[in-house]
Amino acid sequence: MFFQKPNIPKGTRDFTPVEMARRNYIFDTLRGIFQVFGYQPIETPAMENLSTLMGKYGEEGDKLLFKILNSGNFLDKTQDPGLNLLSEDPLSHYKELTPFITEKGLRYDLTVPFARFVVQHQHELVFPFKRYQIQPVWRADRPQKGRYREFFQCDVDVIGSPSLLYEVELVQIIDKVFSALGIKVSIRINNRKILAGIAETIGASGKFNDIMVAIDKLDKIGVDKVNEELTVRGLSKEAVELLQPFLRQEGALESNSGILEGLLLNSETGKKGIREFQEIKEMLDNLQLKNNFALDIKLARGLNYYTGTIIEVKALDAKMGSICGGGRYDDLTGIFGLPDMSGVGISFGADRIYDVMLELGLFPADIAATTRVLFVNFGPEEVKYCLTMASRIRESGISSEIYPEVAKLKKQMEYANRKNIPFVILAGQDEINHGRISVKNMKSGEQQTIESGELLTFLQL
RNA sequence: GUGGUCGUAGCUCAGUUGGUUAGAGCGAUAGAUUGUGGAUCUAUAGGUCGUGGGUUCGAGCCCCAUCUUCCACCCCA
């Protein structure tokens, strides 16, 4: 008989019960906090029309979209003689061919589908609309540690208000979430307007994206290499020269936005960005957060729909990319025909949070326990006796199970032990005759005999 | 997408310059103990050496391809 070793696609994973218990611990924590701030859940389909997805994440993003081949004879539409896509040299025409054979794609994040959702349901929603969404997303990236092709994002967004109060709220949520999970984090904040102001000040607004990419690497490769890269990317000598104050005083800028303001005197946009940050900072300073936040002008973020505040969160004690990030977008719904809808939101990377928590040993030990009580199976008579009791305690929400067959006690005890079941009930003929049961506490090893009617109160202690 | 890297029992890993029958620890199963798990002792089972080709009298080891893992770019949760 032939068999193939089964496998799952690169960058995807199965989750065992233990892993699910831990993942749900994260999801439950997030959900609880989101709800406390008044956010409501929604879900959207795994696949979207490619027209919804394409062009929203920059050129790189388009490449990382998983595209779904049309069903049926997907080559049908390419037969148009005017197109000549297949007859000549199909290999060199693969890009032009793409829209003819695929029109759906797996979602790349939750923000763009959310924008689409808002536009489609605008008449049913109450604005400002606050929603959260916990679902998987897919990226055709090359996997690495902390980088998967299928992973869960947990998004909180509010759309329909430019109020900076929501930026503050989101930072509060970040702070609450990570203190609840026990992860120490640094929260870095920047503003696209500040970045635009810098580009404007050095007279290189046209090179905005190149400047962002280069500045983003400052920590990694240092000032000199950044300058080199800027030159390679076509920035003039003068512009690079003008940029130096920003690059070299970076530390001072974090602690004193006055210096930054001085540097951006001639840029209205830049000054507006600074004012926004200061306003947010003032509100946050009164809130006594458990984690630190700071302005970081190096923070750029790749997604090109951000227009204001941008936020990124990193774990302090683990080597991992950002575990949470987001920002404000002024016109994400504009492309879908609903202009002037400012929104702001963040996304928690559940899988990276999981990896960090596992590395740091932050999961509670008893997290995987599902059954609280196991009834030992001594035979058909005894099982009947146990079935009644099992039903009764289940009524009270206490999970219980009966061992399925008459096996050696050792085996049954071992089953309880391995499943982390804290209580084992032994009810043999002896106990039944007296209307009693023996309860063994698997943690302490103690065992006592009680009236069968006392079981519920015993367990509820 | 570019460059590199890893893969041997369920898990962690040995395996010499290519040489007979591929090993260990942990785990699993059974027993020592017929109503008592975790500790100990004994025994047993468990391997397409990632997959497919090739070189060779002979390949876990060498060559090619491919899949997977991890890493650096790129980008990002």
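Everything quoted here is computed from the prediction, not taken from an experiment. So you know, we letter chains A, B, ... as the sequences are listed, proteins then strands, and number each from 1. Hydrogens, waters and symmetry mates are skipped; everything else that's a heavy atom, side chains included, is used.
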Asks: Is there a donor-acceptor contact under 3.5 Å from the side chain of A:Lys56 to the main chain of A:Met54?
Replies: yes

Asks: Taking only the C1' atom of each, what is the distance from B:C64 to B:A59 in whole angstrom?
Replies: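 One C1' to the other, the span is 15 Å.
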
Asks: With rounding to the closest Å, how many angstrom separate the C1' atoms on B:G47 and B:U51?
Replies: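 To the nearest whole Å, 15 Å.
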
Asks: Consider the side chain of A:Ser322, meaning its heavy atoms from C-beta on, and name the nucleotide among B:C71, B:U36, B:A77 that approaches it most closely.
Replies: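 Nearest to the side chain of A:Ser322 among the choices is B:A77.
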
Asks: Between B:G3 and B:C13, how many Å separate the two C1' atoms, rounded to a whole number?
Replies: 29 Å

Asks: Between A:Phe348 and A:Phe178, is the gap from one ring center to the other below 6.0 Å?
Replies: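 That pair passes the under 6.0 Å test.
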
Asks: Checking contacts here: which listed nucleotide (B:G37, B:U69, B:G35) is nearest the side-chain heavy atoms of A:Met413?
Replies: B:G37

Asks: Within a 6.0 Å radius of atom CD on A:Glu446, are there more than 12 heavy atoms belonging to other residues, nucleotides or ligands?
Replies: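 Result for CD/A:Glu446: open.
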
Asks: Among the candidates B:C75, B:U36, B:G38, find the nucleotide nearest to the side-chain atoms of A:Leu409.
Replies: B:U36

Asks: Looking at the side chain of A:Glu414, which of B:C70, B:U29, B:G35 is the nearest nucleotide?
Replies: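 Side chain of A:Glu414 sits closest to B:U29.
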
Asks: Quote, to the nearest angstrom, the C1' distance that separates B:U66 from B:A9.
Replies: 25 Å

Asks: Taking atom P in both B:A14 and B:G25, compute the distance separating them and give it to the nearest angstrom.
Replies: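 Straight-line distance between the two P atoms is 16 Å.
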
Asks: Suppose we define a pair by two distances each less than 3.5 Å, Watson-Crick or G-U wobble; what does B:A30 pair with here?
Replies: B:U42

Asks: Checking contacts here: which listed nucleotide (B:G1, B:G35, B:G31) is nearest the side-chain heavy atoms of A:Gln447?
Replies: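 Taking heavy atoms from C-beta onward, the closest nucleotide is B:G35.
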
Asks: With the criterion set at under 5.5 Å between ring centres and under 30 degrees between planes, would B:A77 be stacked on A:Phe151?
Replies: yes

Asks: Please give the nucleotide sitting opposite B:A24 as a Watson-Crick or G-U wobble pair, both distances under 3.5 Å, or none.
Replies: B:U12

Asks: Rounded to the Å, how far apart are A:Ile221 CD1 and B:A72 C1'?
Replies: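 After rounding, the reported distance stands at 14 Å.
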
Asks: Is the distance from OP1 or OP2 of B:C70 to the nearest side-chain N or O of A:Lys145 less than 4.0 Å?
Replies: no

Asks: Just to confirm, is there a sub-4.0 Å distance from OP1 or OP2 of B:C74 to any side-chain nitrogen or oxygen of A:Lys217?
Replies: yes

Asks: For the P atoms, the ones on B:C73 and on B:C67, what distance do you get once it is rounded to whole angstrom?
Replies: 24 Å

Asks: Say you pick atom C1' in B:A24 and the same atom in B:G15; how far apart are they, in whole Å?
Replies: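 Comparing C1' positions in B:A24 and B:G15 gives a spacing of 11 Å.
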
Asks: A:Arg139 has a side chain; which of B:C73, B:C75, B:A77 sits nearest to it?
Replies: B:A77

Asks: Should A:Arg13 and A:Glu19 count as an ion pair when the cut-off is N to O under 4.0 Å?
Replies: no

Asks: Side chain of A:Lys411: nearest nucleotide among B:A72, B:U36, B:A30?
Replies: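 Looking only at side-chain atoms, A:Lys411 lies closest to B:A30.
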
Asks: What is the pairing partner of B:G18, taking Watson-Crick or G-U wobble pairs with both distances under 3.5 Å in any strand?
Replies: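 Answer to the pairing question: none, since B:G18 forms no Watson-Crick or G-U pair.
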
Asks: Once you apply the 3.5 Å cut-off to both distances, tell me the Watson-Crick or G-U wobble partner of B:U36, or none.
Replies: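 Looking at the geometry, B:U36 pairs with no nucleotide.
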
Asks: Rounded to the nearest Å, what distance is computed from the CD1 atom of residue A:Ile8 to the P atom of nucleotide B:G50?
Replies: 19 Å

Asks: State the pairing partner of B:U66; accept Watson-Crick or G-U wobble contacts with both distances under 3.5 Å, and report none otherwise.
Replies: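 Answer to the pairing question: B:G50, which forms a Watson-Crick or G-U pair with B:U66.
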
Asks: Determine whether a donor-acceptor pair (N or O, by modelled atom type, separation under 3.5 Å) exists between the side chain of A:Asp155 and the backbone of A:Gln133.
Replies: no

Asks: Ignoring backbone atoms, test whether A:Lys408 places a side-chain nitrogen or oxygen under 4.0 Å from the OP1 or OP2 oxygen of B:G37.
Replies: no

Asks: If each of A:Gly428 and A:Arg147 is mapped to the nucleotide of RNA chain B with the nearest heavy atom, which maps nearer the 5' terminus, i.e. the 5' end?
Replies: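 It is A:Gly428, whose closest nucleotide lies nearer the 5' terminus.
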
Asks: Between B:G37, B:U29, B:C73, which nucleotide gets closest to the side-chain atoms of A:Arg418?
Replies: B:U29

Asks: Looking at A:Tyr354 versus A:Phe152, is the centre-to-centre ring distance below 6.0 Å?
Replies: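 Distance test on ring centres: not under 6.0 Å, no.
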
Asks: Ignoring the backbone of A:Lys10, work out which of B:U69, B:C75, B:G35 is nearest its side chain.
Replies: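 From the listed options, B:U69 comes nearest.
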
